[in-house]
Number of protein chains: 2
Amino acid sequence: MVTLRDVARQAGVSAKTVSRVVNDDPAVNAETRDAILAVIRRLDYVPDHAARMMRAGTSSVVGLMTDVVATTPYSVDIVRGAQDSLRRDRRTLLIANTEGDADLERDVWRMFRAHKVSGVVYATMYHRPLDLGDPEFGGAIVLANCFSPRGRFPAIVPDDEHGGYTQAAHLLALGHRRIGIVSLNPVLRASVLRGAGFRTAFAEVGVPFDPELDRPGFVGPIESERIVAYEAGRDLLSRPDRPTAIICGNDKIAMQIYAAAASLGLSIPQDLSVMGYDDMTVIAETLRPALTTVGLPYFEIGRRAIETLSAGTPGAKAGIEPPVLVPCPLVERQSCRAIDG
Amino acid sequence: MVTLRDVARQAGVSAKTVSRVVNDDPAVNAETRDAILAVIRRLDYVPDHAARMMRAGTSSVVGLMTDVVATTPYSVDIVRGAQDSLRRDRRTLLIANTEGDADLERDVWRMFRAHKVSGVVYATMYHRPLDLGDPEFGGAIVLANCFSPRGRFPAIVPDDEHGGYTQAAHLLALGHRRIGIVSLNPVLRASVLRGAGFRTAFAEVGVPFDPELDRPGFVGPIESERIVAYEAGRDLLSRPDRPTAIICGNDKIAMQIYAAAASLGLSIPQDLSVMGYDDMTVIAETLRPALTTVGLPYFEIGRRAIETLSAGTPGAKAGIEPPVLVPCPLVERQSCRAIDG
DNA sequence: CAGTCGAGTGACAACGTTGTCATTAGCAGG
DNA sequence: CCTGCTAATGACAACGTTGTCACTCGACTG
């Protein structure tokens with residue numbers, strides 16, 4: 001292994017001078033610097049992270065803790081977003097997931113302490129409140145896709161309310177007035193927020209919100225919920241005054257609405273416009289016609305989480321700060337069209 | 001920060017003795033050990049990773065390098081599998097992705113060296129050959145979901161050939177004889193291997209392989225390919241001698257086959273059995289009827305990769321060793337049924 | 001009883017880096 | 001010429017841990 005001293009010996013300078021060059025200390029003669037850089041390249045010297053970390057008392061590694069990665073496949077974009085942001089200053093990501101186990105979580109905090117990570121992002125795989133307890137962690141903590149009830153930690157979450165508004169507003173702008181809703185499990189925060197968004201949009205154009213047209217697409221306790229969007233869709237679409245558009249709680253629901261429409265001989269978007277949520281490309285781009293939907297900005301959430309960390313919130317905040325809301329963009333494809341006449 | 005010396009002082013012993021306790025060295029008096037453990041718990045002492053790493057010259061961290069995480073959402077299960085295996089010996093995962101950029105990849109190798117990772121898993125997001133060049137990395141390297149052309153590194157890959165065999169054999173066992181195929185982009189290795197699997201299964205029951213019934217579901221260069229499974233499906237299903245079952249290259253293709261069948265008034269599984277591949281639960285469990293498919297064992301691949309690392313292959317192997325094949329299990333749901341008569 | 005052994009423990013150095021402080025040379029101002 | 005200054009560099013210690021070696025103290029062997 002090539003060390004600072006090896007480089008120093010080869011370059012005929014002291015270790016400290018090499019250290020200065022490595023750390024971009026301006027107090028080094030230009031010629032000396034060039035000579036040392038040449039030796040570094042020749043020997044392919046890489047500074048030892050362990051030694052730096054020991055001296056510095058902190059490391060260039062950021063911890064990422066997740067609950068369950070499996071549930072929504074695209075939520076890993078939080079990880080990609082975080083990495084994208086870290087790469088710029090050559091920092092890296094130490095990842096651990098807790099699988100929802102409290103003991104494991106405590107171990108992970110300990111491990112993060114052992115590694116002297118400079119900060120921790122706690123990311124959940126669906127948007128929810130999170131009580132972090134007291135992690136006894138010295139560095140900064142940022143929540144991604146979740147938020148602490150009393151606002152103790154900075155949090156970055158998707159703007160579900162505005163996302164719901166976007167769904168409804170787009171269909172209303174296309175002239176739809178009878179709009180069905182097949183929503184997420186109502187226990188989910190996202191479901192509640194989006195509902196509020198619908199209502200705002202409906203109210204803005206003076207369309208009454210008809211509870212008859214609002215059905216849950218999932219039933220049962222979360223984690224073991226069952227999707228019933230197909231039945232809900234058939235039900236809505238069999239009504240004499242069937243809706244001309246359906247807002248879905250996610251793209252899976254939309255997928256079943258497509259099937260329900262097909263089973264009743266209805267074509268999308270001629271007879272029915274469908275609006276999804278999540279922008280799971282696997283579904284949205286594969287459906288025929290491709291699905292117009294609202295995206296979950298996971299990548300951006302991950303990126304912002306790291307930036308918030310770097311901005312340096314030292315430890316838990318005493319005051320209450322509301323979560324940062326990241327907008328959910330409309331992704332237009334072919335499943336919505338303007339209503340005739 | 002609580003150090004070994006703090007614990008030692010509190011317990012009235014030397015630092016070395018505490019070190020022994022922390023490292024499960026048996027040469028410590030039982031009472032001394034208990035006393036020290038009590039102090040450790042009381043002070044919540046966590047051994048400093050940096051210092052250990054510096055002494056040891058290696059760390060308990062394993063590097064995971066990926067090309068592009070985004071493409072297939074479930075391939076992140078490789079990460080989960082790896083973590084599952086690492087957790088047992090309290091090791092952790094340092095993750096970096098290269099986004100396919102060679103410069104970035106070189107940086108990542110350097111970073112891994114700086115961190116003295118004990119080994120590296122290189123995971124690709126679809127099954128493909130990978131030429132690693134000469135990473136100048138001292139530790140063990142294992143490939144996951146990819147393999148080096150000359151077998152220089154141990155590799156763990158899905159057994160696509162047997163997966164293809166499984167798809168065909170299951171339908172043949174149900175009595176199907178006219179079986180259509182809508183396959184992956186033929187440039188993919190998986191596509192070739194599975195094709196060989198089909199042929200074996202067909203040959204075993206003496207059914208001729210009809211190239212007329214074999215259509216690509218994707219066209220165009222990879223990364224910008226276009227899915228045409230819907231058209232391929234309608235085409236196959238409009239034939240006078242239409243197949244009674246269709247084998248799909250993945251679950252997205254299956255999804256379009258469902259749509260194609262619906263557009264022609266055919267019901268699944270009464271009129272047509274459909275067999276997927278990948279077991280993307282988002283699709284397979286949401287389709288009506290739920291999709292019978294073959295799973296990609298990403299979790300297991302990740303787990304085995306770590307185990308292979310731990311088994312300790314020191315550096316690159318000179319000899320050629322074939323990749324380890326992990327079976328792709330049949331996941332039965334409701335989209336295939338026995339043929340009448 | 002002297003010598004040997006093993007169990008238990010501690011002193012000390014070393015890992016690679018960087019902060020602190022000291023040192024040198026060169027130069028401007030008095 | 002001396003003082004005070006800056007730019008450039010180096011000597012040294014310290015970060016927290018653990019391997020090496022040495023030590024003590026009973027117990028056992030011959």
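Below, chain A is the first sequence line, B the second, and so on; all start at residue 1.
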Would you check if there is a donor-acceptor pair between the side chains of A:Tyr45 and A:Gln10 at a distance under 3.5 Å? no
Rounding to a whole Å, what distance do you find between [X]:[atom1] and [N]:[atom2]?
{"X": "B:Leu4", "N": "D:dC15", "atom1": "CG", "atom2": "C1'", "value": "13 Å"}
{"X": "B:Ile40", "N": "D:dG16", "atom1": "CD1", "atom2": "P", "value": "16 Å"}
{"X": "A:Met54", "N": "C:dT18", "atom1": "CE", "atom2": "P", "value": "12 Å"}
{"X": "B:Arg55", "N": "C:dA13", "atom1": "CZ", "atom2": "P", "value": "13 Å"}
{"X": "B:Asn23", "N": "C:dT9", "atom1": "CG", "atom2": "C1'", "value": "16 Å"}

Atom pair CZ (A:Arg303) and CG (A:Asp77), whose distance is rounded to the nearest 0.5 Å: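 So the CZ of A:Arg303 and the CG of A:Asp77 are separated by 13.0 Å.
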Where does the angle between the aromatic ring planes of A:Phe137 and A:Trp109 fall among parallel (under 30°), tilted (30 to 60°) and perpendicular (over 60°)?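 Geometry flag for A:Trp109 against A:Phe137: tilted rings.
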What's the closest nucleotide to the B:Lys16 side chain, out of D:dG10, D:dT20, C:dT17?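 Among the listed nucleotides, the one closest to the side chain of B:Lys16 is D:dT20.
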Out of D:dT18, D:dT17, C:dG10, whichever nucleotide has its closest atom nearest the side chain of B:Pro47: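 Closest nucleotide among those given: D:dT17.
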If you pin A:Arg5 and A:Asn29 to their nearest nucleotides in DNA chain D, which one's is more 5'?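 Between the two, 5'-proximity favours A:Asn29.
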Sidechain-backbone polar pair: A:Asn23 side chain, A:Asp25 backbone, donor-acceptor under 3.5 Å: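 Checking the backbone N and O of A:Asp25 against the side chain of A:Asn23, no donor-acceptor pair under 3.5 Å is found.
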Under the 3.5 Å rule, do the base of D:dA8 and the side chain of A:Arg20 count as making a donor-acceptor pair? no
Do any side-chain nitrogens or oxygens of B:Thr17 fall under 4.0 Å of OP1 or OP2 in C:dG10?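 Checking B:Thr17 against C:dG10: at least one side-chain N or O falls below 4.0 Å of OP1 or OP2.
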Within the 4.0 Å heavy-atom criterion, would you say A:Arg52 contacts the bases, only the backbone, or no part of the nucleic acid?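 Sugar-phosphate: the residue A:Arg52, judged by heavy atoms under 4.0 Å, touches backbone atoms but no base.
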